[in-house]
Engineer: 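Quick one: the structure is below, and I'll ask about it shortly.
Just so it is clear: chains get the letters A, B, ... in the order the sequence lines come, proteins before strands, and each one is counted from 1. All values below come from the heavy atoms of this structure, side chains included, with hydrogens, waters and symmetry mates left out.
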Amino acid sequence: MEVIARGAEAVLYLSDGVVVKHRIRKSYRSPELDEMLRTTRTKREARLLALAKRAGVPAPVVLDVDLEEKKLCMSFIRGEKLSRLVDGMEEEELVRVFTLAGELAGRLHRSGIIHGDLTTANMLLSGKRLHLIDFGLGEVSRSLEAAGTDLLVFRKCVRSTHFNHEELIMDSFLSGYRRSFEQAEQTIERMLGIERRGRYFEHRG
Amino acid sequence: MGSRAKQDAEFLCMGIEGTAEKLGVGIVSDSGEILVNRVKHMKLAEGIHPSEAAQHHAAHLPSLVRQALEEAGLEMRELSLIAFSRGPGLGPCLRVAAVAARTLALKHRLPLLGVNHCVAHIEIGRLTTGAEDPLTVYVSGGNTQVTAFAKGRYRVFGETIDIALGNCIDQFARELGLGMPGGPAVEKLAKKGSYLPLPYVVKGMDLSYSGLLTAALRLAEKESLADVCFSLQETAFAMLVEVAERALVQAEKREVLLAGGVGVNVRLQEMLGEMCSEQGAELLVPPAEVLGDNGAMIAWLGVLSYLAGARQRLEETQVRQRWRTDEVDVLWR
Ligand SMILES: Nc1ncnc2c1ncn2[C@@H]1O[C@H](COP(=O)(O)OP(=O)(O)O)[C@@H](O)[C@H]1O
Ligand SMILES: [Mg+2]
């Protein structure tokens with residue numbers, strides 16, 4: 001058993017060539033809430049991974065789900081997290097990869113799949129192919145609001161961690177997104193709207 | 001704190017805080033000594049009405065400045081700098097603080113600096129706890145933000161996409177007549193409650209509290225208040241701690257600094273502390289006087305900025321209601 005990642009919410013290890021994602025208990029939160037979150041996220045991740053594949057988005061194949069143990073088994077993707085590669089990439093490569101990332105996001109949204117944590121840490125680059133992982137925060141929805149929020153999550157990730165290439169990455173990403181999703185323009189508009197709304201001091205009532 | 005003579009060559013800054021319902025005047029030296037830190041709370045029967053808060057600030061600022069000088073045993077001419085909260089915040093409040101600061105600076109021929117309120121929270125926290133390079137979890141009535149320093153700026157990892165955590169709890173308390181501010185009342189009631197499910201909404205590293213507020217209010221119509229208060233806190237805090245944990249791992253920091261008025265909540269501190277010990281990080285909590293909005297934090301950020309070379313002409317000190325934390329060049333680090 002080889003641990004491949006110890007994230008904030010899960011431990012991932014390789015067992016007989018298969019990736020096991022184990023959502024671990026968090027002692028800071030109340031046990032009922034903890035149980036509910038780990039169960040629903042494991043369930044959702046399995047379901048959305050399968051839907052994403054069907055939508056033409058490269059993703060691991062789900063092999064087994066254990067809701068008692070909060071374990072998800074999936075195929076191993078040989079590759080590297082995109083977040084780690086960005087700083088070493090040439091401009092041309094950045095444009096190519098992020099146009100592709102945007103295209104994949106567009107394919108998800110076109111099929112009513114919201115990723116929920118669309119960040120470069122959840123994109124694995126394997127040769128020329130980009131795979132999306134970590135769908136536990138996702139949902140199935142065709143609302144503009146949900147898709148716009150998904151885009152905003154990506155934009156914020158770029159702003160907080162890839163600030164050196166913010167513009168190039170966003171431009172490429174959105175051009176790919178427009179290519180694969182008919183409602184791209186409205187969704188981008190909504191993303192900007194959500195961002196404006198949220199900024200500081202919204203006192204209701 | 002208290003009266004003492006000004007030492008030779010000491011650089012003293014008066015900070016004026018006025019972004020929301022609290023008005024603060026503090027004086028801090030270049031060595032980081034807080035000479036005085038006076039805060040005047042506005043009595044809140046309901047939510048904040050920006051124009052009323054502005055009137056309150058305008059009415060009380062002159063006497064607060066006088067009291068601060070008296071307490072510190074100083075005269076205006078012994079100061080080296082005036083700093084004020086330039087944003088983000090409520091427009092009318094910001095303008096009152098800005099006008100007062102400009103007037104003082106002109107009258108006493110002192111340099112003036114408008115500084116960022118959110119960055120001031122981070123810096124006063126670092127000063128008072130000794131945190132070196134923390135992930136900051138800043139939670140108040142108006143802000144909910146998780147930030148960390150990288151390449152010259154405080155980068156925003158997560159934040160609320162609708163209402164602030166403190167605002168969510170305050171509004172809940174207000175609608176149910178638990179008094180304002182609502183935090184302490186909800187915290188007390190929650191002690192005897194048990195868990196009921198409420199919407200838990202995390203988007204990437206961003207948080208949404210408006211759906212939680214609506215659902216908690218609805219739940220309060222049929223369930224015990226203690227249970228709803230408990231569940232509201234558990235849900236709202238767990239969302240925040242989850243985001244903080246992910247940001248901590250991603251930003252690769254070893255310290256978590258708590259900032260903002262909600263930070264006094266014991267349950268929140270406990271949850272963050274637990275998360276930190278699991279991640280092998282240290283939780284740092286500033287003293288209560290500097291957790292909430294206050295003038296000393298503005299003064300200290302004024303000192304840091306000025307000594308690092310920041311200068312503003314009077315006409316460059318217009319308020320910025322939506323000034324983002326990650327737009328500020330951190331010249332002093
Ligand atoms: N199917 C997979 N094949 C190869 N590596 C994977 C796979 N799934 C996850 N990983 C690795 O584990 C890390 C964490 O996985 P992820 O699902 O994103 O969990 P978390 O929720 O903790 O972020 C990823 O960044 C990636 O490096
Ligand atoms: Mg991940």
Side-chain angles (χ1 to χ4, degrees), chain A residues 5-9 24-37 40-41 81 83 114-122 134 136-139 145-146 148-164 166 191 194-205, chain B residues 20 46-48 50 87-90 142-143 147-148 150-151 153 155-164 167 171 174-175 194-195 197 200 202-206 208 210 213 230-231 234-235 237-238 241-242 245-251 270-275 278-279 321-324 326:
Chain A
R6 207 179 286 275
E9 66 156 348
I24 49 181
R25 197 169 276 144
K26 293 285 161 188
S27 61
Y28 67 78
R29 59 193 175 202
S30 67
E32 301 97 325
L33 176 60
D34 184 71
E35 169 73 24
M36 186 276 283
L37 288 174
T40 49
R41 288 177 181 180
K81 274 196 257 195
S83 53
I114 303 303
H115 184 282
D117 194 16
L118 203 56
T119 67
T120 51
N122 292 329
D134 204 1
L137 295 177
E139 59 178 325
E145 184 78 9
T149 306
D150 227 15
L151 289 185
L152 189 55
V153 167
F154 180 76
R155 172 156 154 163
K156 289 194 170 181
C157 152
V158 175
R159 194 184 277 153
S160 66
T161 42
H162 307 304
F163 38 81
N164 289 336
E166 187 177 334
M191 165 187 77
I194 297 167
E195 191 174 32
R196 273 194 302 272
R197 244 194 276 148
R199 280 223 206 141
Y200 204 69
F201 275 107
E202 252 222 326
H203 286 277
R204 297 194 323 186
Chain B
E46 297 163 44
I48 305 174
L90 302 169
N143 290 282
T147 57
K151 296 230 177 76
R153 299 264 175 108
R155 311 285 168 182
V156 179
F157 281 79
E159 62 192 330
T160 179
I161 52 173
D162 42 55
I163 58 174
N167 190 224
Q171 279 197 54
R174 173 152 50 94
E175 303 258 331
S194 49
Y195 180 79
Y200 182 105
V202 169
K203 312 270 184 193
M205 289 211 255
D206 280 350
S208 164
S210 69
L213 172 61
F230 176 83
S231 310
E234 286 301 311
T235 307
F237 294 165
V241 177
E242 177 184 4
E245 183 172 28
R246 281 201 271 146
L248 186 66
V249 171
Q250 202 183 311
E270 182 183 285
M271 289 169 77
L272 274 172
E274 199 136 345
M275 180 277 280
E278 270 176 32
Q279 289 293 342
Q321 286 189 61
R322 294 174 167 230
W323 196 5
R324 286 187 60 90
D326 57 11

Engineer: Side chain from CB out, backbone as N, CA, C, O: work out which of these in A:Leu37 comes under 4.5 Å of a heavy atom of chain B, or both, or neither.
Structural biologist: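 Answer is side chain: those atoms of A:Leu37 sit under 4.5 Å from chain B.
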
Engineer: Side chain, backbone, both or neither: which part of A:Ser27 has a heavy atom under 4.5 Å from chain B?
Structural biologist: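 For A:Ser27, backbone and side chain are both near chain B.
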
Engineer: What residue, out of B:Arg153, B:Gln279, B:Glu242, has the most heavy-atom pairs lying under 4.5 Å from chain A?
Structural biologist: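 That would be B:Glu242.
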
Engineer: Can you sort out the partners of B:Glu175 under side chain to side chain donor-acceptor pair (under 3.5 Å), two or more places apart, ordered by chain and number?
Structural biologist: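 B:Glu175: no side chain to side chain donor-acceptor pair (under 3.5 Å) contacts found.
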
Engineer: Which of the residues A:Arg6, A:Arg29, A:Met36, A:Glu32 is involved in the greatest number of heavy-atom pairs with chain B at under 4.5 angstrom?
Structural biologist: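 Greatest number of close heavy-atom pairs with chain B: A:Glu32.
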
Engineer: Could A:Asp117 and B:Arg246 be called an ion pair, given the rule that one side-chain N must be under 4.0 Å from one carboxylate O?
Structural biologist: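 Yes, charged N to carboxylate O under 4.0 Å.
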
Engineer: What part of A:Ser83 gets within 4.5 angstrom of chain B, counting heavy atoms only: side chain, backbone, both, or neither?
Structural biologist: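 For A:Ser83, neither part sits under 4.5 Å from chain B.
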
Engineer: Do side-chain atoms of A:Lys26 reach the backbone of B:Ala238 as a donor and acceptor pair under 3.5 angstrom?
Structural biologist: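 Checking the backbone N and O of B:Ala238 against the side chain of A:Lys26, no donor-acceptor pair under 3.5 Å is found.
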
Engineer: Output yes when B:Arg155 and A:Glu166 qualify as a salt bridge under the 4.0 Å nitrogen-oxygen rule, no when they do not.
Structural biologist: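 The answer is no: the pair does not qualify as a salt bridge.
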
Engineer: Should the pair B:Glu159-A:Lys156 be classified as a salt bridge under the 4.0 Å nitrogen-to-oxygen rule?
Structural biologist: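 A salt bridge links B:Glu159 with A:Lys156.
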
Engineer: Heavy atoms, side chains only, cut-off 4.5 Å: are B:Arg324 and A:Arg159 in contact?
Structural biologist: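 Side-chain contact under 4.5 Å: yes.
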
Engineer: When heavy-atom pairs shorter than 4.5 Å are enumerated against chain B, which of A:Arg41, A:Glu9, A:His115 gives the highest number?
Structural biologist: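 The residue among A:Arg41, A:Glu9, A:His115 with the greatest pair count is A:Arg41.
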
Engineer: With a 4.5 angstrom heavy-atom cut-off, which part of B:Glu278 approaches chain A: side chain, backbone, both or neither?
Structural biologist: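 Only the side chain of B:Glu278 comes within 4.5 Å of chain A.
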
Engineer: For B:Ser194, enumerate each residue passing the side chain to side chain donor-acceptor pair (under 3.5 Å) test, keeping only those at least two apart in sequence or located in another chain.
Structural biologist: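 Applying side chain to side chain donor-acceptor pair (under 3.5 Å) to B:Ser194 gives B:Asp227.
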
Engineer: Output the option from B:Val241, B:Val249, B:Thr235 having the highest count of non-hydrogen pairs under 4.5 Å with chain A.
Structural biologist: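 It is B:Val241.
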
Engineer: Quick one: what part of A:Asn164 sits under 4.5 Å from any heavy atom of chain B, side chain, backbone, both or neither?
Structural biologist: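 Side chain only.
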
